[in-house]
Amino acid sequence: MLYAPTPLHIPDGFLNLIVSLICWAITIVTLGFAISKTNKALGEKQIPLMGVMAAFIFAAQMINFPVAGGTSGHMLGGALAAIVLGPWAGMLVMTAVIAVQALLFQDGGLLVMGANILNMGLVTAAIGYGLYRSVIGQSKGVKLGMIGFAAWLSVMAGALLTSLQLWLSGTSQLEIVIPAMMGVHALIGIGEALITVFAVGFIMQTRPDLLGEGSESAKASRNWVYVGGIVALLVVLISPFASGDPDGLERVAIDMGFIGTGLDAPYEIIPDYTVPFLGETALSTIVAGVIGAIVVGAIIVLVGRGMKAKS
Amino acid sequence: MHFDAFDRYHEKESILHRLDPRVKVVVTVLFIVSNALLPDGAWLAFALAWMFVLASNLLSKLGLGYTFKRSIIALPFALIAITVLFSIPGNPLTTFRLFVWDFTITDAGLLRFVSILIRAWLSVQMAILLVAVTRFPDLVHALEHLRVPAILTTIIAFLYRYLFVLTDEVFRLLRARQARSAAAPGSRSGGGVVWRAKVAGNMAGQLFLRSYERSDRIYNAMVARGYVGHLYTLNPHEMKSGDYYATAFAIAAIFLMQVLGRL
Amino acid sequence: MPVTHLNSSFAPPECDGEVLSVNDLQFAYPDGHVALKGISFTLCQGDKVALVGPNGAGKSTLMLHLNGILNGHGMIDVAGKRLTRDNLPAIRAMVGLVFQNPDDQLFSPTVFEDVAFGPLHMGLSEPEVRARVDSALEAVRMSAYRDRLSHHLSVGEKKRIAIATVLSMNPSLLVLDEPSAGLDPRARRTLIHLLRDLPITMLVSTHDMKLVEELFPRTIVMDEGQIVADGPTCDILEDEALLSAHGLEKP
């Protein structure tokens, strides 16, 4: 009851050393950028602001709402943090939250913390902020619609990355882990989306000044739209590809040198292996869900464009 | 409500409690890295690693089974790895039917599955012990002196301080919601899922505004005491000879695990 | 209760008797709300003065000015030093401002770190910082709490540590916002003894009229951004017309 661990917090032991270290490297480089950017942007107020905001995200993760059958919806907060604080500060805040969850509660491991930060803090913030910036200046409804979509997709992205890392570590079968993780998180993501939308809606209504829409230069803003868009697109493209054609992704991984280069976790591919359960129907549901999500996202943007053009 | 439930530190007089927090952080991380490096089925090395965990428990005076009892936290995640039981080729051990599907567990699959679980289980125990014998502020200092950027350690320190204050606020909000969630006789309480999500989302929004305003007041309190954008701290820790011996001993033990694991 | 500390480090410096002088202070918030409309008063060495008035009278705004957190028009001198942008750090060391909510004041994980924050940011040496922390904690009779975690403290303990966090800066003037709010009777009593025994000039904003009567020889009444009365507490508490005109009650 105190707080809800999600299937995205990987414990130690489930990722191998190479995958863990690669994730750490990506995370450290990104955080290095984040630190230098926030130093410039926020000034001396940043320390107490980001510190209390980290506690806010931590506490907000405990706010749940009953869904059905004893399950409840709640929020990870990566997209929300990036939307209200900006992407870099949002990333640092999420990093602190994930670090405390791992250190204090062992919710997520230490060696794999780089991966957990990457999945739940960095990618979620990039998607959340990038997609949000893409509809800046549009009507409130379009903005909230896009925020909901971004929040949902950010969770899906985290789930996809987690699945890929588990697979690269030889812990899970790609054909199983991707549909399973993406299926579960397609639902979890709806809770994330609803809370994020209503939270931002509440802030828009009471303190719109805090959302600081004009605070960033047009160029930086455009870059974020690209980053968010590209990451979102990757999620949408990789998941069906990985689910439908795992061997293809396997080949990519081999070509890129992830697999078969003397990893400590020898992973053998069984070419003619077929998934005994979660068969084609589950897969197609996921794929259909992802395609549906693209359509929804595209409609939101197009409707927004149209409305803007009219006014 | 008092949130001591969040504090995992257990006050005791022991060698481990007295060790420099930097030593404890480094040894814990090395131990976890070592587990990740051990090959599947390195039973001797796993056994030695377990002895290491047990010995640490004993040294902490928290009791031999202290971390064992709390280590189930990582177990639910094992579901993710369960597919390796059936997916790695090897000699079939047993086959069982579930609904219409046949599952065959192979020896190689079982070996890998058990190895993953042991690695996770050993690693989480050391992480549990680390926070049980180290006060969290000391842990944060250790991170700072191990070159984690000050801005991150500062955010973590603030997070730890205000975790208790803000979760208190969340529970007040949740209780207020509960108190008003009355249901007329014969009808279900509350509206649909979206309506409930809206209540939760508005709570989060409210909490955000309160937190934002609080950060303003904290900033004022810091400025009033001379803060101008840079934080100064004292290093409360000093490495003693015992700390060096402990580090050397732990590294030797971890090295031995690696050697045993590769025999 | 006997005065146990009277540590020489807490004797305020000589300043010709005048510790604080505020002259025609005016301030309007960015949203246009005028919070202070020409405030003038002086505090002398050793004065313990209550600042009373209804919510929104401008008490907190005034207090934030004494430490240079807000900058209005008018002059503020602390111990003979004019408050300007250049000597802001020095002024902040002389004026110990304690905020109403101790959870805002105590922002560090441990008591020691919080009490050390002021001296550290004044640029003092490590031994000096440690000595300051020890004597400040002794002054609020909380020496045993040095290594405690802040979130483990009761409200009353937090309030006392909050006072220690500014005492460690050796201020000439202590400015407290609502020190007795939210305290149970015993914690309130402990705080009253503490404030009575601290040999330091004090300006205390409060709604607690019993506290005013018991502790402060002089009272300033504020309403709508102005000082409407300033005099001996016993006279002000007798003036029922004045009290009721500004939403105050005789204890």
Side-chain angles (χ1 to χ4, degrees), chain A residues 2 10-14 16-17 20 35 43-45 47-56 58-60 62-67 73 75 84 92-93 95-97 99-100 103-104 106 109-111 166 171-173 176-177 194-195 197-199 202-203 206-207 210 264 268 270 273 276-277, chain B residues 5 8 29 32-33 35-37 39 73-74 77 80-81 83-84 87-89 101 116 119-120 123-124 127-128 131 136 139 149 151-152 154-156 158-160 162-163 166-167 170 193-194 196-209 211-212 214-215 218-219 222 228-229 231:
Chain A
L2 280 183
I10 310 172
D12 278 316
F14 288 86
N16 70 23
L17 191 63
S20 305
I35 288 169
E44 57 188 43
K45 245 182 177 165
I47 297 266
L49 178 64
M50 290 199 288
V52 178
M53 281 303 142
F56 157 69
F58 187 97
M62 282 185 228
I63 297 177
N64 56 3
F65 64 96
V67 178
M75 179 182 70
V84 295
L92 292 180
V93 160
T95 300
V97 170
V100 168
L103 285 168
L104 198 52
Q106 291 82 46
L110 302 182
L111 176 59
L166 287 166
T171 303
S172 287
Q173 286 290 101
I176 298 163
V177 74
L194 287 174
I195 297 190
V197 164
F198 287 122
F202 184 89
I203 299 164
T206 44
R207 287 289 301 273
L210 294 186
D264 59 289
E268 286 180 47
I270 319 152
Y273 180 75
F277 53 98
Chain B
R8 301 300 157 102
V29 170
I32 292 171
V33 169
N35 287 337
L37 273 173
I73 182 165
F77 206 87
I80 290 281
T83 56
V84 297
S87 61
I88 294 186
W101 297 290
I116 289 174
R119 282 195 204 97
S123 301
V124 79
I128 289 167
V131 282
F136 198 75
L139 205 59
I151 186 164
L152 272 176
T154 313
I155 298 177
I156 290 173
F158 268 99
L159 167 52
Y160 178 73
Y162 286 101
L163 183 102
L166 294 195
T167 46
V170 165
V193 171
V194 173
R196 276 175 268 164
K198 181 171 181 176
V199 174
N202 287 350
M203 274 184 188
Q206 181 121 38
L207 188 69
F208 167 78
L209 292 186
S211 309
Y212 192 92
R214 183 185 290 279
S215 79
I218 293 168
Y219 174 69
M222 292 170 74
V228 284
L231 280 174

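Note on naming: letters A, B, ... go to the chains in the order of the sequence lines (proteins, then strands), and numbering restarts at 1 for each one.
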Heavy-atom check, side chain of [X] versus side chain of [Y], under 4.5 Å:
X: B/L139; Y: A/L104; result: no
X: A/I47; Y: B/Y219; result: no
X: B/R119; Y: A/F14; result: no
X: B/V131; Y: A/Q106; result: yes
X: A/I35; Y: B/P149; result: yes

Drop me the distance from [X]'s [atom1] to [Y]'s [atom2], to the nearest 0.5 angstrom.
X: A/M62; Y: B/L163; atom1: CE; atom2: CG; answer: 6.0 Å
X: A/I203; Y: B/Q206; atom1: CD1; atom2: CD; answer: 10.5 Å
X: B/R196; Y: A/L194; atom1: CZ; atom2: CG; answer: 11.5 Å
X: B/S215; Y: A/M50; atom1: OG; atom2: CE; answer: 11.0 Å

Under 4.5 Å heavy-atom distance to chain A, tell me which part of [X] shows up: side chain, backbone, both or neither.
X: B/L209; answer: side chain
X: B/N202; answer: both
X: B/V194; answer: both
X: B/M222; answer: side chain

I'd like to verify something: which residue of [options] has the highest number of heavy-atom pairs under 4.5 Å with chain A?
options: B/I116, B/T154, B/I156; answer: B/I116
options: B/V199, B/I32, B/V228, B/V29; answer: B/I32
options: B/L231, B/V170, B/I218, B/N35; answer: B/V170

If you take all heavy atoms of [X] and [Y], which pair is closest and at what distance?
X: A/I195; Y: B/A204; answer: CG2-CB, 4.2 Å
X: A/A96; Y: B/L159; answer: O-CD2, 3.5 Å
X: B/A36; Y: A/L111; answer: CB-CD2, 3.6 Å
X: A/I63; Y: B/A200; answer: CG2-O, 3.6 Å
X: B/F208; Y: A/F56; answer: N-CE1, 3.3 Å
X: A/A60; Y: B/L207; answer: N-CD2, 4.0 Å

Requested in this report: Go through the atoms of A/L166 and report whether side chain, backbone, both or neither lie under 4.5 Å from a heavy atom of chain B.
Outcome: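 Only the side chain of A/L166 comes within 4.5 Å of chain B.
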Worksheet item: Can you tell which of A/V97, A/T95, A/L103 has the highest number of heavy-atom pairs within less than 4.5 Å of chain B?
Response: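 Among the listed options, the one with the most contacts to chain B is A/L103.
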Given A/V93, A/V100, A/V197, the one with more heavy-atom pairs under 4.5 angstrom with chain B than any other is A/V100
Requested in this report: Decide side-chain contact (heavy atoms from CB on, under 4.5 Å) for A/V52 and B/Y212; before the verdict, give the C-alpha distance in whole Å, the side-chain angles of both, and the deciding distance to 0.1 Å.
Outcome: CA-CA 7 Å; A/V52 178; B/Y212 192 92; over 6 Å; no
Report task. Might you work through the side-chain contact (heavy atoms from CB on, under 4.5 Å) test for A/L92 and B/L152, ending with a clear yes or no? Result -> CA-CA 7 Å; A/L92 292 180; B/L152 272 176; 4.1 Å; yes
